[in-house]
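Below is one structure, written out as structure tokens; the observations come after it.
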Amino acid sequence: MPRPDRPTRPSARSGVAPFHVMEVLAAAKARQRARGDALLLCTGQPATPAPRRVRAAAAAAAAEEVLGYTEAAGDPALRAAIAAWHRGRYGTAVTAGQVVVTTGVSGALILVFLAALDPGDEVVLARPGYPAYRNTLAALGAEVVELDCGPDTRHQLTAEMLAALPRPPRAVIVTSPDNPTGTIIDEAELARIARWCAAHGTLLVSDEIYHGIDYGRRCASALESSAAAVVAGGFSKYFSMTGWRLGWLILPEELVGPVTRLAANLTVCPPAVSQAAAAQALHPESLAELDGHVRRYRDNRDLLLEGLAAAGIDRVAPADGAFYLWADVSDYTDDSLVWCAELLDRTGVALAPGVDFDAVHGGGRVRLCYAGAPGDLAEACRRLSRVTGRA
Ligand SMILES: Cc1ncc(COP(=O)(O)O)c(C=O)c1O
């Protein structure tokens, strides 16, 4: 009789690549517990809480409301508030019916990938890029096609690159401002990409999670150029609400039903307490508070650029937005994983290894997050100088 298979055997699709920065983070936290001198520039989240009005609304909702399941597509008032915010900010014609509230942009991406893609469909991404796209798509059986995007295109893909592909892919993902590079895609180029996708039957998914965090270069929404684009946005970054787990999709009409049915089956609805409070994040008083954070990020960015240059790290992607610097450290290493581990060990500075974002060139790159305290950034640069021999 053949031996039965192990009941706990993991699926083949679960064998996605690890996110190495989580190992760095665990080691940095251990160092912090043991020695109290860790400087965490490795993870990508604001060091500030949600806006005051959001916290007050959540406290009131928790005290006074039942907070049961909401509609699968999200609370109608929040959907309307997000649509109005998008119309006001970008001059689009988005309606509440096109908005689906999701469990972060992470949840949004799973829903749109499931709703629009079949196994084997090709999806084009920029390399370097956010690793969860590649890994989630791989788990869902899509074919990921990475396009090498260097400094000449701000590490962003272009319509010309899409036109050079052997066949139009099923979908393209763009991210602007970008993680890990912090670059903003040129406005006219985004319009060209959107038009190319619409003309070739390719779904454009625009991850706009870092919108609001930019330093002078305009960041357009893909919906300004194409009503057929899907926009994923969220409360985690500009709105300083990572742990509230709330994002949204703005969808062409045809995808609203499939996404809503999938959402109901997969998670019933996004967190009700977060939904009850999130519209307050769009209030002018909250936006003023959040713009204050963006001013601090800008100062932090300038401080870090200066400190890195003094430490001998001066090849950095244009830091247009988000709160990341993508630095070329190939003068010091071709194995960013080992370099980051040694850096942490020797100095307590935790950075994200470039291999997480770029499996080809990432051995000589690191990502630094500057959402934290200015004092920590200055001290991190001092310690880095010791490692690069510039101290
Ligand atoms: C480009 C990008 N998209 C999506 C996400 C996921 O965000 P959320 O917290 O909304 O799930 C992140 C988080 O770092 C990100 O950098």
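Predicted model only: the values in this text are computed from it and were never measured. Start at 1 and go down the list; that is how both ligands and their atoms are numbered.
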Atom indices of ligand 1 within 4.0 angstrom of [X] heavy atoms, with elements:
| X | result |
| --- | --- |
| Thr175 | 1 (C) |
| Gly104 | 10 (O), 11 (O) |
| Ser236 | 8 (P), 9 (O), 10 (O) |

Distance to 0.1 Å, residue and atom name: give those for the protein heavy atom nearest to [atom].
| atom | value |
| --- | --- |
| atom 7 (O) of ligand 1 | Ile209 CD1, 3.2 Å |
| atom 5 (C) of ligand 1 | Tyr130 OH, 3.4 Å |
| atom 11 (O) of ligand 1 | Ser106 OG, 2.5 Å |

>> Quick test of your reading of the structure: of Arg245, Lys237, Gln45, whose heavy atom lies closest to atom 13 (C) of ligand 1?
In response: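 Result: the heavy atom closest to atom 13 (C) of ligand 1 is in Lys237.
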
>> Regarding atom 16 (O) of ligand 1: of the candidates Phe357, Tyr324, Tyr210, Tyr133, which has the closest heavy atom?
In response: Tyr210

> Does the gap between the ring centers of Trp85 and Phe239 come in under 6.0 Å?
Replying inline: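 Centroid distance Trp85-Phe239: below 6.0 Å, so yes.
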
>> In the structure I gave you, are the side-chain heavy atoms of Glu187 and Ser225 within less than 4.5 Å of one another anywhere?
In response: no

> Does the side chain of Arg154 reach to within under 4.5 Å of the side chain of Asp320, using non-hydrogen atoms?
Replying inline: yes

> With the threshold set at 4.0 Å, does a side-chain nitrogen-carboxylate oxygen contact exist between Asp331 and Arg315?
Replying inline: yes

> Taking NZ, NE, NH1 and NH2 as the nitrogens, is one of them in Arg89 or Glu208 under 4.0 Å from a carboxylate oxygen of the other?
Replying inline: no

> Name the one of Ile213, Ile184, Asp207 that satisfies side-chain contact (heavy atoms from CB on, under 4.5 Å) with Pro177?
Replying inline: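 With Pro177 as partner, Ile213, Ile184, Asp207 yield a single side-chain contact (heavy atoms from CB on, under 4.5 Å), made by Ile184.
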
> What pair of heavy atoms forms the shortest contact from Arg365 to Ser336, and how long is it?
Replying inline: O-CB, 3.2 Å

>> Is there a polar contact, in the sense of an N or O pair closer than 3.5 Å, between Val105 and ligand 1?
In response: yes

> Any N or O on Asp207 sitting closer than 3.5 Å to an N or O of ligand 1?
Replying inline: yes

